[in-house]
Amino acid sequence: MDNTNKNQNEQKTIEYYNSNAEEFYESTVTADMSVQYKRFEKYLGDGAHILDCGCGSGRDSKHFLENGFEVIAIDGSEELCKKASELTGLEVRHMYFQDLNFDNDFDGVWACASLLHVKKGELPDVLTKITKALRDGGVLYVSFKYGDFSGERNGRFFTDLDDESFETLIADIPEMVLKEKYISTDVRPGRENERWLNAIVIKRKELGHKSRC
């Protein structure tokens, strides 16, 4: 039963983005994410390799490419993959988070307002796959709508997280350490009252190494 519900939730969300790709693209492609970019990029070296995990319009991939980073972009919506490919010139990959199969490939993973469509019970597995995709010392940026709601809203499935639930989630993944966590407001016009939980998480460099005395 759980798998059936999972598939229904995911499929409905994907169908929403496929059916509303143009509207979603137009409403997000010019959003100012400069504050979040700066917090993420300060952990990256020149030419770092980034996975844009749920790239949506391709806005963020475009920014990273223009600033000298190497980018692989993925999204679960076929229509948004097409839009993002047109914007960035990348061949955006149609891929679901649960199917991530990268291994030590990236210096950074950017998951902006994307993992919030994953059921809460599946987030540990997805974050473990993201951890595997990162190189030692790699950085993850992730954002969720702030709260404790889980379910359908506006035609899509959402998992909202607050400080406590996010910290608990990360604490269960020993390879990862929470570096920064902060609340922001939505940068899109007319949505200033919506709050977002933003976090920077680092993959430990020496997990499993014996400590020096």
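For the single chain, residues carry numbers from 1 onward in sequence order.
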Measuring only between side-chain heavy atoms, which start at C-beta, is [X] closer than 4.5 Å to [Y]?
X	Y	value
I183	L197	yes
I14	E78	yes
T88	F64	no
F102	L134	no

Of all the heavy-atom pairs spanning [X] and [Y], show the shortest one and how long it is.
X	Y	answer
I202	G137	CG2-O, 3.9 Å
H94	G76	NE2-O, 2.9 Å
I50	F106	C-CD2, 3.6 Å
F40	L44	CE2-CD1, 3.6 Å
I200	L178	O-CD1, 3.6 Å
T13	F157	OG1-N, 2.9 Å

Measuring from [X]:[atom1] to [Y]:[atom2], what's the distance to the nearest 0.5 Å?
X	Y	atom1	atom2	value
D136	N104	CG	CG	6.5 Å
K181	L161	NZ	CG	11.5 Å
M176	I170	CE	CD1	6.0 Å
I130	K203	CD1	NZ	12.0 Å
S61	E66	OG	CD	11.0 Å
L123	K120	CG	NZ	9.0 Å

Inset, instruction - Apply side chain to side chain contact (heavy atoms under 4.5 Å, CB included) to H63 and M33, showing your working. - result: CA-CA 10 Å; H63 164 83; M33 299 298 294; over 6 Å; no

Inset, instruction - Quick one: list whatever passes salt bridge (charged side-chain N to carboxylate O under 4.0 Å, His left out) with R93, sequence neighbours left out. - result: none

Between [X] and [Y], is there a donor-acceptor pair closer than 3.5 Å when you use the side chain of the first and the backbone of the second?
X	Y	value
S85	L90	yes
D75	G56	yes
D105	D103	yes

Take atom [atom1] of [X] as the centre, draw a 6.0 Å sphere, and report whether it contains more than 12 heavy atoms from other residues, nucleotides or ligands.
X	atom1	value
K38	NZ	no
D148	CG	no
K132	NZ	no

Indicate whether the side chain of [X] and that of [Y] have a donor and an acceptor atom separated by less than 3.5 Å.
X	Y	result
Y25	E86	no
S165	D162	yes
S143	N198	no

Legend entry - Stepwise side chain to side chain contact (heavy atoms under 4.5 Å, CB included) check, C55 with V92: CA-CA 9 Å; C55 68; V92 176; 3.7 Å; yes

Is it the case that one hydrophobic cluster holds both [X] and [Y], taking links as side-chain heavy atoms less than 4.5 Å apart, direct or via other members?
X	Y	result
V177	Y182	yes
L80	L87	no
L127	Y96	no
F24	V29	no

Inset, instruction - Look at the aromatic rings of F144 and F166 and report parallel, tilted or perpendicular, splitting at 30° and 60°. - result: tilted

Legend entry - E79 vs K82, salt bridge (Lys or Arg N to Asp or Glu O under 4.0 Å): CA-CA, chis, key distance, verdict: CA-CA 5 Å; E79 293 304 315; K82 294 175 185 176; 3.2 Å; yes

Inset, instruction - Tell me, with the steps shown, if F69 and D52 meet side chain to side chain contact (heavy atoms under 4.5 Å, CB included). - result: CA-CA 11 Å; F69 298 107; D52 191 350; over 6 Å; no

Atom pairs and distances, side-chain donor-acceptor, residues 107-115, under 3.5 Å, sequence neighbours left out:
residue, atom, partner, partner atom, Å
D107, OD1, R135, NH1, 3.1
D107, OD2, H49, N, 2.8
D107, OD2, R135, NH1, 3.0
W110, NE1, D60, OD2, 2.8
S114, OG, C53, O, 2.7

Inset, instruction - Scan for salt bridge (Lys or Arg N to Asp or Glu O under 4.0 Å) pairs involving residues 17-34, sequence neighbours excluded, and state none if there are none. - result: E22-K83

Legend entry - D160 and its side chain to side chain donor-acceptor pair (under 3.5 Å) partner, picked from K145, R153, R195: R153

Inset, instruction - Please check if the distance between the ring centroids of Y37 and Y141 is under 6.0 Å. - result: no

Legend entry - Check against side chain to side chain contact (heavy atoms under 4.5 Å, CB included), H117 and Y17: CA-CA 12 Å; H117 293 310; Y17 284 113; 2.7 Å; yes

